[in-house]
Number of protein chains: 2
Amino acid sequence: MVQDPGSLRDVLIEAGIALLEEGGMQALTLRQTAARAGVSHAAPAHHFDGLPGLLTAMAARAFKLFADAIHSGREAGGTDPLQRLLGTTEGYLTFASQHAGLFHLMFISPQVNRADPVLGPHATRAYQILREACQPFGDGTPDEALELAVWSMVHGYALLGFTAEDPERHPFHRRPAFRELLVQLLAGRQIPVINRLAPAPDIR
Amino acid sequence: MVQDPGSLRDVLIEAGIALLEEGGMQALTLRQTAARAGVSHAAPAHHFDGLPGLLTAMAARAFKLFADAIHSGREAGGTDPLQRLLGTTEGYLTFASQHAGLFHLMFISPQVNRADPVLGPHATRAYQILREACQPFGDGTPDEALELAVWSMVHGYALLGFTAEDPERHPFHRRPAFRELLVQLLAGRQIPVINRLAPAPDIR
DNA sequence: ACAGTGCCTTGACACTGTCAAGCAATTCCG
DNA sequence: CGGAATTGCTTGACAGTGTCAAGGCACTGT
């Protein structure tokens with residue numbers, strides 16, 4: 001039986017993603033992935049050279065989707081710099097909550113090789129988008145401190161959302177919207193657009 | 001052979017922590033923990049009712065150590081409100097980098113039961129310390145948005161530190177110190193010590 | 001003395017990732 | 001054209017994992 005070359009690879013990646021989204025990291029297994037793709041139990045290891053290889057390939061695809069998500073979030077923000085940045089972070093958070101498994105893979109799993117030549121460029125692209133959205137709030141030159149502050153805050157906010165499972169007990173779930181937090185961060189910046197501080201249209 | 005009751009429990013917890021700090025989450029195994037403690041392979045499951053139970057007990061201890069760490073970080077900050085908050089976050093970040101495995105257990109591992117009656121209070125205490133350190137920067141009443149902004153930022157900063165393994169490639173490792181980021185966040189606040197750093201525009 | 005109760009061991013089970021070997025179809029090449 | 005190498009996957013085995021039932025062993029209370 002002959003398939004177009006590389007076909008099973010993609011089938012396996014998608015089978016893995018399906019398992020991950022259904023049952024979390026626990027359910028993502030080489031053998032289960034093989035079973036779902038309808039091949040023998042050792043086929044995935046053959047294509048990806050072991051579990052870390054499969055996870056890395058999945059994470060690479062995840063980073064591409066992630067970069068797309070924050071890109072379209074930024075575009076939805078229109079032309080106003082603040083709305084663009086808010087849209088970008090909105091895309092970040094939406095992706096994190098809708099694809100918790102992939103997010104975990106990208107940023108947490110120690111088995112993923114983040115220096116992978118396929119994964120790397122997608123990750124860099126995602127960072128560039130965030131970076132550019134921060135640009136107007138710097139003093140003209142790229143402001144690494146601001147970028148990292150925004151990045152840390154949105155990343156931490158996303159991850160605290162996972163940790164705080166119980167809405168009743170955990171302070172995180174009496175949370176103010178992230179928009180407010182980001183505005184707090186930008187409040188020290190000397191740019192006029194902040195002062196307009198519009199009640200935000202809901203981006204998604 | 002009779003031991004003081006509860007003794008093996010503690011031995012197992014410490015064996016687990018040792019394994020975790022040596023070899024990461026991969027090395028932390030019920031059977032390895034048993035072997036290191038010098039007992040049979042099923043002993044841990046007997047005491048903790050399975051792997052999640054052991055992880056939860058370890059996480060509970062970790063939260064206690066964590067609360068102690070940020071508490072003493074706060075104390076080291078002296079009486080100045082800004083220095084106290086900076087000290088608290090310093091304690092947070094130091095703990096995260098020095099006990100990466102425990103940090104992962106506390107905030108990431110899905111197997112930990114974070115509603116555990118032992119774990120819960122320690123986690124709450126840790127949050128209270130951060131909360132109190134933020135207090136002087138609110139308008140008198142507790143300011144949840146500020147607390148959460150600080151918490152998100154320090155948490156995200158810590159976790160990005162784990163993700164960015166490669167100091168050469170990753171932007172995170174050309175990082176400005178976290179102190180600078182936090183001051184950015186507080187720059188919009190109307191308290192004297194901050195305003196000396198950066199004059200705030202009037203928003204709101 | 002004797003049943004009861006914790007505490008731990010033993011042995012088994014299904015499941016995991018990894019590896020060596022094999023097999024069948026395709027492609028190469030002399 | 002026909003053997004040989006390569007590719008893509010299967011088969012079978014192995015050690016390691018969490019979990020569970022059964023049992024044993026020492027101590028306690030009566």
Side-chain angles (χ1 to χ4, degrees), chain A residues 1-59 101 104-105 108-113 116 118, chain B residues 1-59 101 104-105 108-113 116 118:
Chain A
M1 180 194 309
V2 159
Q3 314 231 8
D4 1 28
S7 163
L8 181 55
R9 252 188 92 93
D10 290 342
V11 171
L12 287 170
I13 289 176
E14 274 167 36
I17 292 180
L19 284 171
L20 179 60
E21 306 219 310
E22 284 170 18
M25 215 59 171
Q26 293 234 50
L28 177 53
T29 272
L30 278 185
R31 290 173 110 106
Q32 287 291 334
T33 305
R36 170 163 303 223
V39 290
S40 80
H41 70 261
H46 175 74
H47 276 276
F48 299 100
D49 192 34
L51 181 59
L54 173 60
L55 298 185
T56 299
M58 290 172 59
H104 187 281
L105 215 54
I108 304 291
S109 169
Q111 312 221 56
V112 168
N113 172 23
D116 180 82
V118 177
Chain B
M1 180 193 306
V2 159
Q3 315 232 8
D4 0 28
S7 164
L8 181 55
R9 254 189 90 94
D10 291 341
V11 172
L12 286 170
I13 289 176
E14 275 167 35
I17 292 180
L19 284 171
L20 180 59
E21 306 219 309
E22 285 170 18
M25 215 58 172
Q26 293 235 51
L28 177 53
T29 272
L30 279 185
R31 291 174 112 104
Q32 287 292 333
T33 306
R36 171 163 302 223
V39 290
S40 81
H41 70 262
H46 176 73
H47 276 277
F48 298 101
D49 192 35
L51 181 59
L54 173 60
L55 298 185
T56 299
M58 289 172 60
H104 187 280
L105 214 54
I108 304 292
S109 168
Q111 311 222 58
V112 168
N113 172 22
D116 180 82
V118 177

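Throughout, a chain's letter reflects where its sequence line sits, starting with A, and its residues are numbered from 1.
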[X] has an atom [atom1]; how far is it from atom [atom2] of [N], in whole Å?
X       : N      : atom1 : atom2 : result
A:His47 : C:dT18 : NE2   : P     : 16 Å
B:Arg9  : C:dC8  : CZ    : P     : 11 Å
B:Leu55 : D:dG18 : CG    : C1'   : 12 Å

For B:Glu22, all residues meeting salt bridge (Lys or Arg N to Asp or Glu O under 4.0 Å), sequence neighbours excluded: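 Once residues adjacent in sequence are excluded, the partners of B:Glu22 under the salt bridge (Lys or Arg N to Asp or Glu O under 4.0 Å) criterion are B:Arg36.
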
Near-strand residues of residues 12-20 of chain A, defined as heavy-atom separation under 4.0 angstrom from DNA chain D: none

Pairwise N/O distances under 3.5 Å, protein to nucleotides 19-22 of chain C:
none

Pairs touching residues 40-52 of chain B that satisfy salt bridge (Lys or Arg N to Asp or Glu O under 4.0 Å), sequence neighbours left out: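 Non-adjacent pairs meeting salt bridge (Lys or Arg N to Asp or Glu O under 4.0 Å): zero.
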
Listed partners of B:Ala34 passing side chain to side chain contact (heavy atoms under 4.5 Å, CB included), at least two apart: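 Checked B:Ala34 against side chain to side chain contact (heavy atoms under 4.5 Å, CB included); matches are B:Val39, B:Pro44.
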
Set of side-chain hydrogen bond (donor to acceptor under 3.5 Å, both in side chains) partners for A:Glu14, sequence neighbours left out: A:Arg61

Dot-bracket summary - DNA chain C, pairs being Watson-Crick or G-U whose distances fall under 3.5 Å, with | when paired to another strand: ||||||||||||||||||||||||||||||

Residues touching DNA chain C, which here means a heavy atom under 4.0 Å, drawn from residues 23-32 of chain A: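 Residues of residues 23-32 of chain A under 4.0 Å from DNA chain C: A:Thr29, A:Leu30, A:Arg31, A:Gln32.
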
Pairs touching residues 23-32 of chain A that satisfy side chain to side chain donor-acceptor pair (under 3.5 Å), sequence neighbours left out: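 Every candidate side chain to side chain donor-acceptor pair (under 3.5 Å) pair involving residues 23-32 of chain A fails, so no pair, neighbours aside, qualifies.
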
Selected nucleotide, minimal atom distance to B:Ser40 side chain, candidates C:dT18, C:dT10, D:dC9: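 Ranking C:dT18, C:dT10, D:dC9 by closest atom to the B:Ser40 side chain puts C:dT10 first.
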
